[in-house]
Amino acid sequence: MEPLPPAPHRLLINGEALVANWRWLRERGGSAACGACVKADGYGLGAVEVSRRLVAAGCRDLYVSSWAEAAALPVFPGVGLSVFHGVLPGEEAFAAAHRARPVLSTVDQVLRWRPTKQPCDVMVDTGMNRLGLSPEDVRQGVTDGLVIDTLMSHLVAADTDSPTSEHQRAEFAALAGRTTARRMSLANSAGILLGEAYAFDLTRPGLALYGGRPRAEARVRSVVALQARVVQRRAVSAGGTVGYNGLWRAERDTPVAIVNLGYADGFARAWTNRGVASGPAGERLPVVGRVSMDLTALDVTTSPAIGDGEWITFPVDLSAAARATERSQYEVLTGLGQRMERSFI
Ligand SMILES: *Cc1c(COP(=O)(O)O)cnc(C)c1O
């Protein structure tokens, strides 16, 4: 058997930009430690590779959502790992034997975890009404007897200028010293950008590590791009249309490259007639016609050299993509290149 040819597309990840973003976010937090959320397979970029790079840069706290995600990571000596979703009934034995800590968020979880005598984190709810004990539970001593590494809470609307953030910060700060927790942690990416008062001992960025900009203050670099090969270069005659429903019509004879990329790769149909790719020499290549499932057409007038098999880059600006597609930056990011190999540069 001949070997399988290389895949016609890949998700290109800039490891240097990822690390630079982590360092930048860490500096925003002053003396606070800076962790990293690598749930959802590192927001779709590959949790193992992302973690490896951030740990090498000095990150000592990783966050995932479930025990399956925790088990998928290699052991990084000296690095803490926390499971946001805590321990569901039946998970106690596995969790107690695992190096990761559950983030306990209900009285029931506390009661089931306390006998293990293993370290944990505790989530306290200051307004999200998603996961967490109430501040009153904490004041009443519900967490007494636990070995708590980090007491944490999560901001509802740090990506806007809502007064809610300050209310949450004050309510959380008032819990200092009410538990045996070694550290306190409140800020996600957007929370870090609200200022050092939100950093406490430890921050938990996700989105901004990967190039997302939850607030205008975010000076982070883009981390991801999609790359795909030209399947066919063709000449479209003046008056001819391209793609489903003929949404683009050639005003003059136009060379068009059909690329192995489509909405099934997270390159949204919203880019129909308005996306832009980048040629081998950085040329600007506009998307023409409708983006289909696996194919996208580009006007390659400026690039006579682009032939079949050429690699084309589709830079991803998460905030621009979120606006164009009316989705969140998180959805755009986690939807990118699910069937593609992740390639770190
Ligand atoms: C996902 C998550 C984060 C990271 O949020 P970003 O907005 O991606 O920075 C932090 N804390 C908790 C509890 C989370 O679930």
Side-chain angles (χ1 to χ4, degrees), residues 18 21-26 28-29 32-45 47 50-51 54 59 61-67 69-70 73 80-87 100-106 109 120-133 148-160 162 164-165 168-169 172 181 183-195 198-221 223-224 318-319 322 327-336:
L18 171 78
N21 290 344
W22 179 77
R23 292 207 168 104
W24 187 84
L25 289 160
R26 183 184 56 179
R28 301 279 86 61
C34 185
C37 289
V38 297
K39 62 197 187 194
D41 198 22
Y43 287 45
L45 307 194
V50 164
S51 301
L54 295 180
C59 178
D61 296 278
L62 298 172
Y63 296 91
V64 293
S65 67
S66 67
W67 292 98
E69 289 185 348
L73 286 179
L81 176 61
S82 299
V83 176
F84 279 140
H85 296 184
V87 268
R101 299 188 300 268
V103 182
L104 306 181
S105 62
T106 67
Q109 287 189 14
C120 62
D121 296 339
V122 170
M123 175 67 75
V124 52
D125 183 74
T126 53
M128 188 77 155
N129 268 314
R130 197 174 64 172
L131 300 179
L133 295 168
I148 306 174
D149 182 290
T150 307
L151 182 70
M152 61 179 81
S153 190
H154 194 40
L155 294 163
V156 172
D159 57 339
T160 67
S162 162
T164 305
S165 297
Q168 287 190 272
R169 193 199 62 75
F172 185 57
R183 304 185 288 180
M184 292 179 78
S185 172
L186 176 64
N188 60 350
S189 300
I192 293 169
L193 301 172
L194 292 178
Y198 286 79
F200 291 85
D201 303 308
L202 168 66
T203 59
R204 311 184 305 268
L207 184 72
L209 294 171
Y210 309 109
R213 298 180 184 89
R215 299 181 58 91
E217 296 90 340
R219 297 279 172 274
V220 291
R221 289 166 60 184
V223 172
V224 273
L318 289 172
S319 28
R327 291 183 299 163
S328 73
Q329 296 180 61
Y330 302 83
E331 288 175 276
V332 173
L333 187 56
T334 54
L336 287 176

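Just follow the structure's listing: the first ligand is 1, and inside any ligand the first atom is 1.
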Subject >> Nearest non-hydrogen protein atom, atom 5 (O) of ligand 1 >> reply: Asn188 CB, 3.3 Å
Original post:
Is ligand 1 less than 4.0 angstrom away from at least one heavy atom of Ala190?
Top reply: no
Original post:
What's the shortest heavy-atom distance between Leu209 and Leu18, and which atoms?
Top reply: O-CD1, 3.5 Å
Subject >> Working for side chain to side chain contact (heavy atoms under 4.5 Å, CB included), residues Leu207 and Tyr330 >> reply: CA-CA 7 Å; Leu207 184 72; Tyr330 302 83; 3.7 Å; yes
Original post:
Do the charged groups of Asp125 and Arg130 touch, with an N to O distance under 4.0 Å?
Top reply: no
**OP:** With heavy atoms of Met123 as the reference, note each atom of ligand 1 found under 4.0 Å away.
**Re:** 13 (C)
**OP:** Have a look at ligand 1 and work out which part of Tyr330, if any, has a heavy atom under 4.0 Å from it: side chain, backbone, both or neither.
**Re:** side chain
**OP:** Verify whether one side chain among Thr126 and Ser153 offers a donor that lies under 3.5 Å from an acceptor in the other.
**Re:** yes
**OP:** Taking all heavy atoms of Met184 and all of Asp201, pick out the closest pair and write down the distance.
**Re:** N-OD2, 2.7 Å
Subject >> Identity and separation of the nearest protein heavy atom to atom 11 (N) of ligand 1 >> reply: Arg204 NE, 3.0 Å
Original post:
Side chain or backbone of Met128 under 4.0 Å from ligand 1, or both, or neither, by non-hydrogen atoms?
Top reply: neither
Original post:
Has the side chain of Arg215 got a donor or acceptor atom that lies under 3.5 Å from a matching backbone atom of Ala158?
Top reply: yes
**OP:** Give a yes or no on whether a salt bridge exists between Asp61 and Arg183, defined as a side-chain N under 4.0 angstrom from a carboxylate O.
**Re:** yes
Original post:
Where's the contact between Cys37 and ligand 1, heavy-atom distance under 4.0 Å: side chain, backbone, both or neither?
Top reply: side chain
Original post:
Which residue holds the protein heavy atom closest to atom 1 (C) of ligand 1, what is that atom called, and what is the gap in Å?
Top reply: Lys39 NZ, 1.3 Å
Subject >> Residue, atom name and distance, where the atom is the protein heavy atom closest to atom 9 (O) of ligand 1 >> reply: Ser189 OG, 2.5 Å
Subject >> Pro205 neighbourhood, listing ligand 1 atoms whose heavy-atom distance to it stays under 4.0 Å >> reply: 9 (O)
Original post:
Can you tell me the protein heavy atom closest to atom 8 (O) of ligand 1 and the distance?
Top reply: Tyr43 OH, 2.6 Å
